[in-house]
Amino acid sequence: MQRLGRKVTSLDDLSLRESAQNDPQLFLDLVANPVALDEVQYAPALFAEIKKRVDDMKSAARHGQVALPWPEDGQYWLSGSNQILMRKGVQESLAGRATNLTLHPLSVHELKVHGLSTDFKSLLLKGGWPELHATVGIDPIAYLNDYIHAVLEKDVTMAAGIQKVSAFGRVLKLLAARVGSLLNLSDVAKDASVQVSTVTDWVGFLEEMLFVTRLAPFSTNLNQRVVKTPKILFNDVGLACRLQGWREPEAAALSPQAGGLFETLVWSELLKTRDHGREPWDFFFWRTKEGHEVDFLIHTAEKTLALETKFSVQNIPRDLDFQPLFKVFGSRLQCAVVVAGGEQREVPAKMPSRVDAVPLNHLAEFVRNAMNGDM
């Protein structure tokens with residue numbers, strides 16, 4: 001398989017995995033260069049050998065013996081599905097020698113560019129998993145059940161040393177049931193019959209593996225950002241929907257969970273837009289003691305974009321009030337409401353500037369333009 005001009009070698013192949021782990025020097029001598037190595041975490045011996053080769057090439061180049069022989073985008077592309085093991089290998093052997101890129105499943109923007117459906121109901125069960133969009137006839141329920149079993153219940157528990165697999169599965173479902181809500185770890189621990197400290201560790205592992213995010217509330221006091229209660233969000237709506245147990249998208253879209261699932265989908269799009277574009281944005285949500293809330297803030301030193309999510313256009317209140325945020329952020333604030341479908345349009349709101357209703361499949365372009373100064 002070729003990827004951007006280089007051969008992809010996957011260590012899902014057990015014979016290749018054994019070769020790479022037992023004799024990494026010979027393995028790297030035999031593969032084509034430059035090369036993309038997938039699931040490299042299964043052969044941790046490769047990291048040390050790659051470090052040696054990179055250092056040797058740099059040393060030779062510094063002494064004028066050879067020109068740097070690798071392409072501008074790197075001699076070795078390393079990828080893997082287990083972030084805990086990947087990060088361990090990079091930190092121990094390749095620190096200062098590697099550029100890290102975070103890759104997520106497909107975004108709504110990418111689906112739209114490739115002519116695939118961006119309908120909210122379709123995305124509920126499929127999320128951003130490429131295989132479910134690219135291959136006709138795959139059952140998303142069976143696919144994600146297998147994924148949860150193979151990756152979450154096996155890879156994560158193995159990498160994190162989790163022994164209570166059944167309790168871990170219960171925690172996953174309890175977190176999925178709370179998407180978009182404030183995360184009360186004590187309640188989750190009580191319902192799962194495990195210790196709060198255990199749930200805290202498990203949520204940390206899930207966050208490190210990029211399955212969930214604890215979104216902090218905005219505060220001008222940096223210390224308060226750490227101690228205030230975060231919201232729990234899944235990074236893929238299909239995974240959250242599967243863990244909630246939905247089998248029909250219509251039922252999920254009409255359920256009390258629909259708002260939280262749509263917020264999850266919006267969050268996923270924001271996260272992918274930032275990470276795939278390597279944008280310097282910070283994400284928060286807004287909540288005051290008086291009960292005023294806004295779902296997302298995208299924040300830099302120069303700009304702040306406030307986004308409220310409303311699954312249905314009819315749910316947008318006519319007196320939408322962003323004034324409390326304007327008092328904090330002033331003229332650098334821009335506001336919008338994200339809706340499932342339709343066309344972008346202005347909505348009435350208590351703000352001295354324009355507030356747009358932005359359809360989900362236009363969100364990536366809207367956010368990039370807003371944060372990069374083109375609006």
Side-chain angles (χ1 to χ4, degrees), residues 99-104 107-110 112-113 180 182 207 210 213-233 235 262-290 292-310 316 320-339 343-375:
T99 298
N100 296 307
L101 302 174
T102 301
L103 301 179
H104 300 276
S107 67
V108 174
H109 173 74
E110 289 169 325
K112 182 179 72 170
V113 167
L182 294 182
E207 197 163 26
L210 303 179
T213 296
R214 284 175 287 190
L215 187 67
F218 181 85
S219 173
T220 54
N221 185 320
L222 297 182
N223 292 321
Q224 288 184 11
R225 289 185 194 174
V226 176
V227 300
K228 284 188 173 182
T229 305
K231 285 199 301 189
I232 185 69
L233 291 160
N235 295 345
F262 183 64
E263 186 175 338
T264 298
L265 185 53
V266 171
W267 163 248
S268 177
E269 190 71 0
L270 296 176
L271 183 65
K272 293 167 184 176
T273 302
R274 182 192 69 178
D275 289 352
H276 293 172
R278 307 191 75 188
E279 300 285 1
W281 305 336
D282 291 319
F283 292 124
F284 304 97
F285 72 97
W286 171 272
R287 177 181 289 242
T288 67
K289 292 180 179 178
E290 294 74 30
H292 187 268
E293 298 182 27
V294 174
D295 293 325
F296 299 108
L297 295 181
I298 308 175
H299 181 70
T300 67
E302 295 78 26
K303 288 190 176 182
T304 301
L305 175 61
L307 297 174
E308 182 70 9
T309 63
K310 295 293 182 184
I316 301 177
L320 191 66
D321 190 4
F322 287 104
Q323 287 283 14
L325 283 86
F326 189 79
K327 293 177 182 178
V328 174
F329 298 106
S331 59
R332 70 180 186 183
L333 176 71
Q334 185 172 342
C335 302
V337 183
V338 186
V339 294
E343 298 297 325
Q344 183 172 325
R345 62 183 179 83
E346 189 172 1
V347 296
K350 293 180 179 178
M351 272 288 289
S353 59
R354 178 186 176 99
V355 175
D356 289 295
V358 182
L360 179 63
N361 60 5
H362 291 287
L363 180 60
E365 304 102 299
F366 178 86
V367 171
R368 281 196 296 264
N369 290 337
M371 296 305 295
N372 293 334
D374 297 330
M375 297 187 71

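These figures come from a predicted structure and were not determined experimentally.
- In plain terms, the two heavy atoms of Val355 and Ala336 that are nearest each other are CG1-CA, 4.1 Å.
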- Query: Step by step, would you call Glu279 with Asn372 a side-chain contact (heavy atoms from CB on, under 4.5 Å)?
  - Reply: CA-CA 9 Å; Glu279 300 285 1; Asn372 293 334; 3.7 Å; yes
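- Annotation: the span from Leu103 atom CG to Lys272 atom NZ amounts to 11.5 Å, rounded to 0.5 Å.
- In this structure, Thr102 and Leu210 have side chains that are in contact, with non-hydrogen atoms separated by less than 4.5 Å.
- His104 pairs by the ring pair (Phe, Tyr, Trp, His ring centres under 6.0 Å) definition with His276, not counting sequence neighbours.
- For Ile298 against Met371, the heavy-atom pair with the smallest separation is O-CE, 3.8 Å.
- Between the CD atom in Glu263 and the NZ atom in Lys310 there is a gap of 10.0 Å [rounded to 0.5 Å].
- Across all their heavy atoms, Pro280 and Thr300 have their closest contact at O-CG2, 3.7 Å.
- Judged by distance alone, with hydrogens and angles left aside, the side-chain atoms of Lys303 form a donor-acceptor pair with the main-chain N or O of Ala370 at under 3.5 Å.
- Residues forming a ring pair (Phe, Tyr, Trp, His ring centres under 6.0 Å) with Phe285 (at least two apart in sequence, or on another chain): none.
- Remark: side-chain polar atoms of Thr213 are not paired, donor with acceptor, to backbone N or O of Leu215 under 3.5 angstrom.
- Salt bridge Glu365/Lys112: present, at least one basic N to carboxylate O contact under 4.0 Å.
- For the atom pair Arg287 CZ and Thr229 OG1, the distance stands at 8.5 Å (nearest 0.5 Å).
- Every residue two or more places apart in sequence or in another chain that forms a salt bridge (Lys or Arg N to Asp or Glu O under 4.0 Å) with Arg214 is listed here: Glu207.
- Rounding to the nearest 0.5 Å gives a distance of 11.0 Å between CG of Leu270 and OG of Ser107.
- Residues Phe296 and Thr309 are in side-chain contact: their nearest non-hydrogen atoms beyond the backbone lie under 4.5 Å apart.
- The closest side-chain heavy-atom distance from Leu325 to Thr304 is not below 4.5 Å.
- Across all non-hydrogen atoms, the minimal contact from Leu305 to Cys335 is CD1-N, 4.3 Å.
- Going from atom CD of Gln344 over to atom CG of Asn361 covers 10.5 Å, rounded to the nearest 0.5 Å.
- From Asn235, atom CG reaches atom CG of Leu271 across 5.0 Å, with rounding to the nearest 0.5 Å.
- Between Phe262 and Val338, some side-chain heavy-atom pair lies under the 4.5 Å cut-off.
- For Thr273 (side chain) and Glu269 (main-chain N/O), a donor-acceptor pair under 3.5 Å exists by modelled atom type.
- Using a distance-only test at 3.5 Å, with no hydrogens or angles considered, a donor-acceptor pair links the side chain of Lys231 to the main chain of Asp295.
- Minimum heavy-atom separation, Pro217 to Lys228: CG-CB, 3.4 Å.
- In this structure, Phe283 and Leu233 have side chains that are not in contact, with every pair of non-hydrogen atoms separated by 4.5 Å or more.
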